[in-house]
> 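Starting off with a structure, shown below.
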Amino acid sequence: MKLADLRELMCRRRANSGLGLSSDAFRVDPVIASLRWPADVVEQFLYDHGDHGPFQRAYGNVDLAAIVWTLETVTAAELSTMPTGPSEAGCIEQFALHPGHCISVRSSGIHAGVPEKWRDHGTWKRPPLLLDRRLLDPSASGLQVLEGRTCVGILRGRLRENDFVAATHEAWIGRLA
């Protein structure tokens, strides 16, 4: 299954005068449920970005059914150099330039508690998505940031500014099944 196979579902997500499908309804659709992905991964990867043009170009050829997601611990050192895809090249570095601003604008609504999480725990509120690069190119190695580029940028900026950053962080990692 590829992102293009979800076009009809993506249209339903946006339909009904902007109301569309809720994240929960989207997640339990039989096509999405067949992936057996964690709810947080479905929301961040498919629901939030599945029909975003640059995202589709970068990940459109990935066999979604071949990905197994696990919540793992990743070191700050690994995250400090981890790339993102070419469609979003440079954005992590841009977020890293002003980590305090990136945190301050994420303090209400679904982002409530983000400033406190960084201040008290040196980490993010919601684990980002990291993808095994072999899913994109069988000859590649390592991981890349799929979603959560702002979080990784904040981490890099805080490291650069010598602000508190935890040594390890949780992240959803997608690997070949």
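Residues take their numbers from the sequence shown, with the count starting at 1.
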> Would you confirm whether Y47, through its side chain, and L21, through its main-chain N or O, come within 3.5 Å as a donor-acceptor pair?
yes

> Answer yes or no: is there a side-chain heavy-atom contact under 4.5 Å between T70 and W172?
no

> Are L97 and V105 grouped together when hydrophobic residues (ILVMFWY) are joined by side-chain heavy atoms under 4.5 angstrom apart?
no

> Counting N and O atoms only, with roles assigned by atom type, does the side chain of H169 sit under 3.5 Å from a partner on the main chain of A166, one being a donor and the other an acceptor?
yes

> How long is the gap from OG1 on T75 to CD on E78, to the nearest 0.5 Å?
3.5 Å

> Of the non-hydrogen atoms in K117 and K125, which two are nearest, and what is the gap between them?
CG-N, 3.8 Å

> Is any side-chain heavy atom of L176 less than 4.5 Å from a side-chain heavy atom of V68?
no

> For D5 and K2, indicate whether the former's side chain and the latter's backbone hold a donor-acceptor pair under 3.5 Å.
yes

> Could you check whether atom CG of N61 has more than 12 heavy atoms from other residues, nucleotides or ligands sitting under 6.0 Å from it?
no

> About how many Å separate CD of E43 and CD1 of I32, when rounded to the nearest 0.5 Å?
12.5 Å

> So, are E147 and R126 salt-bridged, with charged N and O less than 4.0 Å apart?
no

> Before accepting this row, confirm whether a basic side-chain N of the pair R156/E93 lies closer than 4.0 Å to the acidic partner's carboxylate O.
yes

> Would a distance-only check, ignoring hydrogens and angles, find a side-chain to backbone donor-acceptor pair under 3.5 Å from R149 to L146?
yes

> Find the distance between CD1 (I103) and NE2 (H98) and round it off to the nearest 0.5 Å.
13.5 Å

> Roughly how far apart are L155 CG and D163 CG, rounded to 0.5 Å?
11.0 Å

> Would you say the side chain of V41 lies within less than 4.5 Å of the side chain of L129, judging by non-hydrogen atoms?
yes

> Test of understanding: clusters of I, L, V, M, F, W, Y form through side-chain heavy atoms closer than 4.5 Å, transitively. Do V28 and L6 belong to the same one?
no

> Quick one, W124 and T150 - any side-chain contact, counting heavy atoms below 4.5 Å?
no

> Does NZ or CZ of R119 fall inside the cone over F164's six-membered ring, less than 6.0 Å from its centre and within 45° of the axis?
no

> With under 30° as parallel and over 60° as perpendicular, where do the rings of F55 and Y59 fit, or are they tilted in between?
tilted

> Side chains of L131 and I67: does their closest heavy-atom pair fall under 4.5 Å?
yes

> Can you tell me how far apart CD1 (I92) and OG (S80) are? Round to the nearest 0.5 Å.
11.0 Å

> Taking the side chain as C-beta and beyond, is there a heavy-atom pair between R133 and P83 under 4.5 Å?
yes

> So do the side chains of V31 and M1 get within less than 4.5 Å of each other, counting heavy atoms only?
yes

> Between A96 and P99, what is the shortest heavy-atom contact and its length?
O-CD, 3.2 Å

> So, the side chain of Q44 versus the backbone of P127: is there a donor-acceptor pair under 3.5 Å, distance only?
yes

> Looking only at heavy atoms, which two atoms of V165 and A76 are closest? And how far apart?
CG1-CB, 4.1 Å

> Judged by atom type as modelled, is there a donor-acceptor pair below 3.5 Å linking the side chain of Q56 to the main-chain atoms of G50?
yes

> Indicate yes or no: does R7 engage D51 in a salt bridge with an N to O separation below 4.0 Å.
no

> Could you measure the distance from the CZ atom of R134 to the OG atom of S141? Nearest 0.5 Å is fine.
8.5 Å

> So, T73 side chain and T168 main chain: donor-acceptor pair closer than 3.5 Å or not?
no

> Taking the side chain as C-beta and beyond, is there a heavy-atom pair between I173 and E72 under 4.5 Å?
yes

> Determine whether the aromatic ring centres of residues W69 and W37 are separated by less than 6.0 angstrom.
yes

> Going hydrophobic residue to hydrophobic residue with side-chain gaps under 4.5 angstrom, can you get from F95 over to L130?
no

> Using a distance-only test with no angle check, is there a side-chain donor-acceptor pair under 3.5 angstrom linking D137 and S139?
yes

> So, the side chain of D132 versus the backbone of L143: is there a donor-acceptor pair under 3.5 Å, distance only?
no

> State, to 0.1 Å, how close V152 and V145 come at their nearest heavy-atom pair, and which atoms those are.
CG2-CG2, 4.0 Å

> If I compare all heavy atoms of L46 with all of M10, which pair ends up nearest, and what's the gap?
O-CE, 3.1 Å

> If you compare all heavy atoms of L3 against all heavy atoms of F45, which two are closest, and at what distance to 0.1 Å?
CD2-CE2, 4.3 Å

